[in-house]
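The sequence lines fix the lettering, A, B, ..., with proteins before strands; numbering per chain opens at 1.
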Amino acid sequence: MQPEQFYQRLLAWFDDYGRHDLPWQQDINPYRVWISEIMLQQTQVTTVIPYYQKFMQSFPTVQDLAAATQEQVLAHWAGLGYYARGRNLHKAAQLIVEQYDGEFPDTLDEVVALPGIGRSTAGAILSIACGKRHPILDGNVKRVLGRFYALEKWPGEKAAENWLWERAAQLTPPQRYADYTQAIMDLGATFCTRSKPQCADCPISAGCQAFAQDRVADFPFKKPKKDKPVRQAYLLILQQADGSLWLEERPQKGIWGGLWSFPQLETWQACEDKVQSRFSPSVSLLKWQEFRHTFSHYHLDITPVFSQQSQLIAEPSANYAADENESGRWVSMQDLLDEKLGIPAPVQKLVKQLQDY
DNA sequence: AACACGGGGAG
DNA sequence: CTCCCAGTGTT
């Protein structure tokens with residue numbers, strides 16, 4: 001499908017089915033459009049409407065906004081969230097009054113330089129309110145174009161984003177930029193939605209490559225999960241002649257909070273130090289096979305360190321009592337197997353191995 | 001619980 | 001410049 005056909009169909013669809021009665025679509029000027037675009041960032045139309053109307057009543061012009069206190073502005077933002085948007089709005093209003101004599105700038109560079117306005121929002125303001133031909137590329141448009149071109153990359157990736165900006169520019173019509181900008185955002189918000197898109201009634205489905213391949217749900221590509229960091233830990237397994245194991249209660253907050261676990265140390269040296277100072281000065285330690293435990297946000301490579309039964313230990317040395325922050329005790333194998341204490345999965349695994357050992 | 005989001009800010 | 005996050009709604 002050629003760009004001409006794309007925008008013609010989209011505009012025709014917008015004429016018939018698009019929304020033309022939103023508050024910011026009346027009495028269009030850069031100030032009103034700007035406020036609406038900021039409020040519409042990460043906030044839905046139905047939520048924005050009452051806030052927009054109240055805001056416009058209180059601050060009808062950029063001069064009114066600039067003259068207000070930040071407190072007054074933020075009071076109008078209460079409930080919208082993302083208060084940085086409100087603070088940036090206020091700062092930008094004062095900049096516009098001071099540097100541009102209250103006239104909203106009408107070049108891309110100048111508009112992007114205002115706090116809280118990036119390339120896409122600038123494009124929306126300039127095309128809708130300033131009669132300038134600029135593309136936009138917000139989340140809705142990324143989704144529409146990602147599907148239309150069956151883009152096999154995450155749209156947040158720099159190369160993919162640059163490519164999408166080119167397509168967005170190419171598809172922007174030589175006239176009616178304002179309607180086109182509204183139209184493509186509307187399509188993304190109401191038809192080409194993240195889930196359950198209404199392809200059956202979509203004006204551009206005939207040219208949509210994802211639709212043609214029956215793979216609409218595959219696009220846009222998802223953000224690749226960043227690989228989790230890998231951390232190292234030693235778990236010190238101390239066993240008495242009767243088979244009981246030394247466990248310590250973990251701090252309430254943090255990983256495995258409140259569970260009972262083998263002492264966790266960062267280095268081999270720390271293991272030796274701990275055993276010698278707290279338990280028995282002449283015990284020898286044996287490294288077991290390292291294994292990986294994976295949390296939601298990182299991998300933990302665990303090296304179990306075992307002190308052999310023959311060399312065992314009686315009680316922790318007197319030094320132990322001085323260490324108030326630790327609560328440890330000897331626990332029988334049976335209690336552990338009966339799950340009398342909450343213990344982390346990797347510790348459970350090690351206890352089972354000990355049984356077979 | 002994971003994902004999505006536009007711009008700011010850190011590196 | 002590139003990458004990651006803050007803060008909130010949606011799925």
Completion exercise
Closest to the side chain of A:Gln44, out of C:dT11, C:dT10, B:dG7, is C:dT10

Completion exercise
Considering only heavy side-chain atoms of A:Lys222, the closest of C:dT11, B:dG6, B:dA4 is B:dA4

Fill in the blank from the handout: When A:Leu80 and A:Ser195 are each assigned the nearest nucleotide of DNA chain C, the 5'-most assignment goes to A:Leu80

Practice task
Side chain of A:Tyr82 only, please: which of B:dC5, B:dG8, C:dG7 is the nearest?
Solution key: C:dG7

Practice task
Specify the residue among A:Gly116 and A:Trp154 whose closest nucleotide of DNA chain B lies further upstream toward the 5′ end.
Solution key: A:Trp154

Fill in the blank from the handout: Rounded to whole Å, the CG-C1' distance (A:Asn162 to C:dT2) equals 12 Å

Problem - Same apolar cluster: A:Phe211 and A:Leu164, side chain cutoff 4.5 Å - result: no

Completion exercise
Tested for side-chain hydrogen bond (donor to acceptor under 3.5 Å, both in side chains) against A:Asp301, the lone hit among A:Arg292, A:Gln232, A:His293 is A:Arg292

Practice task
Indicate yes or no: does A:Arg176 engage A:Asp15 in a salt bridge with an N to O separation below 4.0 Å.
Solution key: yes

Practice task
Can you tell me the distance, in whole Å, between the CG atom of A:Leu114 and the P atom of B:dG7?
Solution key: 12 Å

Handout entry: A:Arg143 vs B:dC5: side-chain N/O to OP1/OP2 distance below 4.0 Å
Key = yes

Handout entry: Pair A:Thr107-A:Asp109, side-chain donor/acceptor within less than 3.5 Å
Key = no

Handout entry: Gap between atoms CD and P, on A:Glu161 and B:dG6 respectively (whole Å)
Key = 9 Å

Problem - side-chain N/O A:Thr43 vs C:dT8 OP1/OP2, d < 4.0 Å - result: no

Handout entry: For atom CG of A:Asn140 and atom C1' of C:dG9, their distance in whole Å
Key = 14 Å

Handout entry: Test of ring centre spacing under 6.0 Å for A:Phe104 and A:Trp34
Key = yes

Practice task
Identify whether any heavy atom of A:Thr121 sits under 4.0 Å from a base atom; if not, whether one sits that close to sugar-phosphate; answer base, sugar-phosphate or nothing.
Solution key: sugar-phosphate

Handout entry: Distance in angstrom units between A:Leu137 CG and B:dG7 C1', rounded
Key = 14 Å

Completion exercise
Rounded to whole Å, the CZ-C1' distance (A:Arg147 to B:dA4) equals 13 Å

Practice task
Measure from NZ on A:Lys142 to C1' on B:dC5 and round the result to the nearest Å.
Solution key: 9 Å

Completion exercise
Ranking B:dG7, C:dG7, B:dA4 by distance to the side chain of A:Gln42, first place goes to C:dG7

Practice task
Quickly work out the A:Arg194 CZ to C:dT11 P distance and round it to whole Å.
Solution key: 6 Å

Problem - Closest nucleotide among C:dT2, C:dT10, B:dG8 to the A:Lys158 side chain - result: C:dT2

